[in-house]
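The block underneath contains the structure these notes are about, expressed in structure tokens.
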Amino acid sequence: MGRLIGWRIVQGVVTLFAISLILFILTLNLQGNAADAVLGQAATAETKAAFERSIGLDVPAWQRYLTWLWNIVAHFDFGRSYTNQNVIVNDLWPRFTNTLFLACYAAVIAVPLAVITGITCAITEGRLADRAANVLALIAISLPEFFIGGVLILLFAGYWRWFPPLATVNPDMGFFIRLYVTFLPAVALTCLVTAHMMRMTRNSVLSIMSTPYVEMGFLKGLTRARVVTKHALPNAASPIISVVALNIAYLVVGVVVIEKVFTYPGVGQYMIDAVTKRDVPAILACGILFAAVFIILNTIADVLAIILNPRLRHPR
């Protein structure tokens with residue numbers, strides 16, 4: 001088992017390096033450049049050339065990539081922003097904590113709600129509660145993030161005025177005040193991931209229901225609720241954990257649109273501003289941070305699945 005877990009970790013590290021290379025290549029093809037964004041279109045060619053030399057753009061691309069990668073691995077240094085020359089880590093870390101707070105807030109609501117609802121739907125398969133939950137889940141999956149956020153702002157901030165329309169937070173804000181201010185974006189994220197987790201939980205449990213040992217439980221006279229919770233659910237835990245991990249990763253990585261809609265000072269908002277200004281080091285820092293979070297959570301899910309499911313420890 002240790003070898004298998006180690007191999008999963010190695011795969012995650014190799015994937016992260018591959019993503020870093022892809023991100024760097026993609027930023028080379030961005031239209032426009034930082035000199036135009038910082039100096040403006042009226043700047044002379046000599047001024048732009050001097051600015052590009054000052055930020056190292058006169059160095060070959062492969063050399064810039066290796067230097068950037070070494071600084072991250074050896075010193076956890078993402079460089080300086082092109083636009084304001086601030087150390088990117090200092091600007092990014094507070095925003096990353098804000099994004100983690102919002103993602104954890106939504107996960108605390110979404111994960112128990114999705115798992116409990118999915119198990120309930122499996123127990124009541126084909127009944128009214130199961131059908132209603134599936135219809136609501138399909139509607140939630142079909143709606144885009146900006147639409148859900150806009151509807152929440154329109155109703156709860158504009159019409160009823162229960163919550164503020166903008167999720168503006170600062171380090172001095174109290175915990176409960178922060179919960180109140182970020183409630184609407186947390187609910188928007190919850191709507192996006194709960195439906196998917198609920199459907200996958202339901203399907204994972206129902207896929208186990210046709211196995212012989214579960215049928216034996218019914219033949220013994222056990223109720224459907226007891227068969228699901230005592231026999232089917234433990235064996236469906238591995239795919240459920242994988243789905244939960246994927247959706248939690250999405251809560252961290254996929255908050256870009258929600259942060260923009262609610263003007264929330266997170267990594268997504270920072271990345272959008274960096275793309276607008278063609279601030280390549282900031283774009284790369286956000287991209288590699290999102291990729292690292294996604295890979296780490298998926299690796300944790302794989303390790304937990306290996307621990308919970310002995311069949312995954314042996315080659316087929």
Side-chain angles (χ1 to χ4, degrees), residues 102-156 183-219 222-258 261-262 294 297-298 301-302 304-305 308-309:
L102 182 59
C104 292
Y105 189 4
V108 168
I109 301 172
V111 173
L113 178 62
V115 173
I116 292 173
T117 306
I119 295 172
T120 303
C121 290
I123 294 174
T124 61
E125 181 189 10
R127 301 179 188 175
L128 179 61
D130 179 37
R131 295 177 181 177
N134 276 284
V135 170
L136 292 176
L138 184 60
I139 293 174
I141 292 173
S142 303
L143 297 176
E145 297 97 320
F146 65 87
F147 180 80
I148 295 176
V151 170
L152 291 175
I153 292 174
L154 180 64
L155 294 178
F156 294 97
F183 180 76
L184 289 185
V187 170
L189 287 173
T190 299
C191 293
L192 295 174
V193 299
T194 299
H196 183 242
M197 284 192 292
M198 184 276 290
R199 288 172 61 88
M200 292 302 297
T201 300
R202 174 185 179 274
N203 294 337
S204 298
V205 173
L206 290 179
S207 66
I208 305 295
M209 297 296 288
S210 59
T211 55
Y213 71 90
V214 172
E215 294 179 356
M216 179 60 68
F218 285 116
L219 294 176
L222 299 179
T223 62
R224 183 177 180 85
R226 184 173 179 82
V227 169
V228 169
T229 55
K230 296 296 182 180
H231 299 283
L233 185 59
N235 290 279
S238 295
I240 292 174
I241 289 174
S242 298
V243 170
V244 170
L246 282 172
N247 281 275
I248 292 177
Y250 175 77
L251 288 175
V252 179
V253 177
V255 296
V256 177
V257 175
I258 294 298
V261 170
F262 290 93
F294 196 88
L297 289 174
N298 276 277
D302 289 341
L304 290 176
L308 292 174
N309 192 346

- [ ] Please report the closest heavy-atom contact between Ala103 and Val252, naming both atoms and the distance.
- [x] CB-CG2, 3.7 Å
TODO: For residues Ala110 and Thr194, report the shortest heavy-atom separation together with the two atoms involved.
DONE: CB-OG1, 3.4 Å
Name each donor-acceptor pair under 3.5 Å that joins a side chain in residues 142-155 to protein atoms two or more places apart or in another chain, with its distance.
| unit_1 | atom_1 | unit_2 | atom_2 | d |
| --- | --- | --- | --- | --- |
| Ser142 | OG | Leu138 | O | 2.7 |
| Glu145 | OE2 | Tyr250 | OH | 2.6 |

Task: Heavy-atom side-chain contact between Met197 and Val244 under 4.5 Å - done: yes
Open item on the list: Restricting to non-hydrogen atoms, name the atom on Ala106 and the atom on Leu189 that form the minimum distance, rounded to 0.1 Å.
Closed with: CB-CB, 3.8 Å
TODO: Hey, could you give me the CD1/OG1 distance between Ile109 and Thr190, rounded to the nearest 0.5 Å?
DONE: 4.5 Å
Quiz: residues 116-124 side-chain donor-acceptor pairs under 3.5 angstrom, not counting sequence neighbours:
| unit_1 | atom_1 | unit_2 | atom_2 | d |
| --- | --- | --- | --- | --- |
| Thr117 | OG1 | Leu113 | O | 2.5 |
| Thr120 | OG1 | Ile116 | O | 2.7 |
| Thr124 | OG1 | Thr120 | O | 2.8 |

Task: Which residues share a side-chain contact (heavy atoms from CB on, under 4.5 Å) with Ala195, sequence neighbours left out - done: Ala137, Ala140, Ile141
Task: Set of ring-ring contact (aromatic ring centres under 6.0 Å, His included) partners for Tyr105, sequence neighbours left out - done: none
Open item on the list: Nearest 0.5 Å, please: how far is SG in Cys191 from CG in Leu136?
Closed with: 10.5 Å
Open item on the list: Filter on salt bridge (Lys or Arg N to Asp or Glu O under 4.0 Å), then keep only pairs touching residues 194-203, sequence neighbours left out; what's left?
Closed with: Asp130-Arg202
Open item on the list: If you compare all heavy atoms of Ile258 against all heavy atoms of Pro185, which two are closest, and at what distance to 0.1 Å?
Closed with: CG2-CB, 3.8 Å
